[in-house]
A.B. asks: 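Handing you a structure now.
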Amino acid sequence: MKRHRAKQIGKVLLVIVSAYTLLVVLGWLAIWLFIKATGSTVVTDRPSGQSTIKLASSKAEFGNIDIYELWQYANKAREDDGLQDLVLDVRLNNSALEKCRDMVSRNYWSHNTPDGMLPWTFIQKAGIKYKKAGENLAYGFKDSKSVIDGWMKSTTHRDNILDDTYTNEGFAVCESGNFLNEGHEIIVVQHFIGI
């Protein structure tokens, strides 16, 4: 009797594990198909306690640029200057992602779009209300620390990172096979708001 019950439990567990494995494989297949269909790979990430979206098979695809690390390094720079940490805001991750995708799909490098839309348009489209907004852009860097170090060496980018009126920030990282006809590039967008 016990042996028969153990076999039944074993069969049930095997079915559950098989179904779970199938769901995981189908999930990764859906992500892979999305990446192939869009022609670019995008990573967005949020700290623990919030859900995480990662649309890349490995950090290596982005030269080790990670949104959570960017957030930590930016806040470290603020802490070193005696400022409060910025909240990593999923809405700003989304607005930065839309800006990143737009630059990749239309192959431009500017705060304003080719048709003259201001960078704040992406923040407003994400439904975010703010008193002040800012944007930092980067490409050509290989890891998260070098992105923040590069921004901190530029007066205007540094001013955004160290602006004490900002409360929230978000990041996105995109990949282009031939950005601005310069070959493969990793593009980083940082959005800020003060509320």
Side-chain angles (χ1 to χ4, degrees), residues 40 42-47 50 52-53 59 62-176 179-180 182 185-195:
S40 65
V42 178
V43 173
T44 61
D45 200 355
R46 292 178 286 284
Q50 299 179 31
T52 299
I53 302 167
K59 278 174 70 174
F62 293 110
N64 295 316
I65 298 177
D66 177 85
I67 287 172
Y68 187 66
E69 289 176 355
L70 290 167
W71 176 63
Q72 289 178 315
Y73 287 127
N75 276 338
K76 175 72 169 83
R78 289 177 62 84
E79 289 166 11
D80 291 348
D81 210 55
L83 299 171
Q84 292 276 347
D85 287 354
L86 296 176
V87 173
L88 185 59
D89 190 323
V90 64
R91 301 167 307 157
L92 290 172
N93 285 350
N94 290 334
S95 66
L97 176 58
E98 288 307 312
K99 174 62 180 279
C100 206
R101 285 178 174 165
D102 193 61
M103 285 194 301
V104 168
S105 67
R106 298 204 279 171
N107 200 31
Y108 71 93
W109 180 250
S110 174
H111 290 291
N112 296 343
T113 67
D115 50 346
M117 280 187 355
L118 299 174
W120 334 126
T121 306
F122 294 94
I123 295 172
Q124 292 162 352
K125 280 184 179 180
I128 303 169
K129 295 186 190 286
Y130 58 88
K131 291 180 182 173
K132 183 177 180 180
E135 176 179 79
N136 283 347
L137 304 175
Y139 79 95
F141 295 92
K142 300 300 180 199
D143 60 55
S144 305
K145 186 166 187 336
S146 66
V147 171
I148 299 299
D149 288 347
W151 281 337
M152 290 301 288
K153 291 176 185 168
S154 159
T155 304
T156 55
H157 296 93
R158 180 177 171 27
D159 288 348
N160 271 339
I161 291 171
L162 300 181
D163 189 320
D164 64 355
T165 63
Y166 289 139
T167 55
N168 299 40
E169 68 182 335
F171 298 90
V173 181
C174 296
E175 181 178 47
S176 173
F179 191 60
L180 305 177
E182 295 177 15
E185 290 293 349
I186 298 164
I187 300 95
V188 182
V189 177
Q190 181 182 32
H191 278 173
F192 302 89
I193 58 164
I195 51 178

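Numbers here simply count residues along the sequence, with the first being 1. Everything numeric here is computed off the predicted structure, so don't read it as measured data.
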A.B. asks: Does any non-hydrogen side-chain atom of Lys76 lie less than 4.5 Å from one of Ile148?
C.D. replies: no
A.B. asks: Quick one: does Leu86's side chain get under 4.5 Å of Asn168's, heavy atoms only?
C.D. replies: no
A.B. asks: Under the criterion side chain to side chain donor-acceptor pair (under 3.5 Å), which of Lys99, Gln190, His157 is the partner of Glu135?
C.D. replies: Lys99
A.B. asks: Check whether any side-chain heavy atom of Val173 sits under 4.5 Å from a side-chain heavy atom of Ile67, and report yes or no.
C.D. replies: yes
A.B. asks: Walk me through whether Lys129 and Ile195 qualify under side-chain contact (heavy atoms from CB on, under 4.5 Å).
C.D. replies: CA-CA 7 Å; Lys129 295 186 190 286; Ile195 51 178; over 6 Å; no
A.B. asks: Whether the side chain of Ser144 engages the backbone of Asp66 through a donor-acceptor N/O pair (distance < 3.5 Å, no angle test) should be reported.
C.D. replies: yes
A.B. asks: Between atom CD1 of Ile187 and atom CD of Glu175, what is the distance when rounded to the nearest 0.5 Å?
C.D. replies: 8.0 Å
A.B. asks: Using a strict threshold of under 4.0 Å (side-chain N to carboxylate O), is an ion pair present between Lys125 and Glu98?
C.D. replies: no
A.B. asks: Taking the basic N atoms (NZ, or NE/NH1/NH2) and the acidic carboxylate oxygens, is any pair closer than 4.0 Å for Asp149 and Lys153?
C.D. replies: no
A.B. asks: Heavy atoms only: give me the nearest Asp115-Arg106 pair and the separation to one decimal.
C.D. replies: OD1-NH2, 3.2 Å
A.B. asks: First locate atom OG1 of Thr165, then atom CD1 of Ile193, and finally report the distance between them rounded to the nearest 0.5 Å.
C.D. replies: 11.0 Å
A.B. asks: Within the structure provided, determine whether Tyr73 and Val147 are in side-chain contact (heavy-atom separation under 4.5 Å).
C.D. replies: no
A.B. asks: Looking at Asp143 and Lys145, is there a salt bridge between them, counting it only when a charged N and a carboxylate O are closer than 4.0 Å?
C.D. replies: no
A.B. asks: Minimum heavy-atom separation for Phe171 to Ala74, with atom names?
C.D. replies: CZ-CB, 4.3 Å
A.B. asks: Given side-chain contact (heavy atoms from CB on, under 4.5 Å), test Asp163 with Asp159 step by step and report yes or no.
C.D. replies: CA-CA 6 Å; Asp163 189 320; Asp159 288 348; over 6 Å; no
A.B. asks: Are Asn112 and Ser110 linked by a side-chain donor-acceptor pair shorter than 3.5 Å?
C.D. replies: no
A.B. asks: Is the shortest side-chain heavy-atom distance between His191 and Ile128 below 4.5 Å?
C.D. replies: no
A.B. asks: Side chains of Met152 and Ile161: closer than 4.5 Å at any heavy-atom pair?
C.D. replies: yes
A.B. asks: If every non-hydrogen atom of Ala96 is compared with every non-hydrogen atom of Ala172, which pair is closest and at what distance?
C.D. replies: C-CB, 3.5 Å
A.B. asks: Look up atom CG in Asn94 and atom CG in Asp89, then write down how far apart they are to the nearest 0.5 Å.
C.D. replies: 9.0 Å
A.B. asks: Can you name the closest pair of heavy atoms from Ile123 and Ala133 and give their distance?
C.D. replies: CD1-CB, 3.9 Å
A.B. asks: For the residue pair Glu169 and Leu70, establish whether any side-chain heavy-atom pair is separated by less than 4.5 Å.
C.D. replies: no
A.B. asks: Does the pair Leu180 and Glu185 meet the rule for a side-chain contact (heavy atoms from CB on, under 4.5 Å), with working shown?
C.D. replies: CA-CA 9 Å; Leu180 305 177; Glu185 290 293 349; over 6 Å; no
A.B. asks: Using the six-membered ring wherever Trp is involved, compare the ring planes of Trp109 and Phe179 and label them parallel, tilted or perpendicular (cut-offs 30° and 60°).
C.D. replies: perpendicular
A.B. asks: Compare every heavy atom of Gly170 with every heavy atom of Leu88, then report the nearest pair and how far apart it is.
C.D. replies: CD1-CA, 4.1 Å
A.B. asks: Establish, yes or no, whether the cationic atom of Lys132 lies under 6.0 Å from the six-membered ring centre of Phe192 and within 45° of the ring axis.
C.D. replies: no
A.B. asks: Output the distance between atom CG (Leu92) and atom CG (Leu97), rounded to the nearest 0.5 Å.
C.D. replies: 12.0 Å
A.B. asks: Determine, stepwise, if the pair Phe141 / Val188 fulfils side-chain contact (heavy atoms from CB on, under 4.5 Å).
C.D. replies: CA-CA 9 Å; Phe141 295 92; Val188 182; over 6 Å; no
A.B. asks: Inspect the surroundings of CD in Gln84 and state if more than 12 heavy atoms from other residues, nucleotides or ligands are less than 6.0 Å away.
C.D. replies: no
A.B. asks: To the nearest 0.5 Å, how far apart are CG in Asp164 and CG in Leu83?
C.D. replies: 6.0 Å
A.B. asks: With the side chain counted from C-beta on, respond yes when Asp85 and Trp71 share a heavy-atom pair under 4.5 Å apart, and no when they do not.
C.D. replies: no
A.B. asks: Mind listing the closest non-hydrogen atom pair of Cys174 and Val104 along with its distance?
C.D. replies: CB-CG2, 3.8 Å
A.B. asks: Say you draw a straight line from CD1 of Ile186 to OH of Tyr139; how long is it, rounded to the nearest 0.5 Å?
C.D. replies: 13.0 Å
A.B. asks: Is the backbone N or O of Thr156 less than 3.5 Å from a side-chain atom of Trp151, with the two atoms forming a donor-acceptor pair by type?
C.D. replies: no
A.B. asks: Do Tyr108 and Asp102 pair up side chain to side chain, a donor and an acceptor below 3.5 Å, judged on atom types alone?
C.D. replies: yes
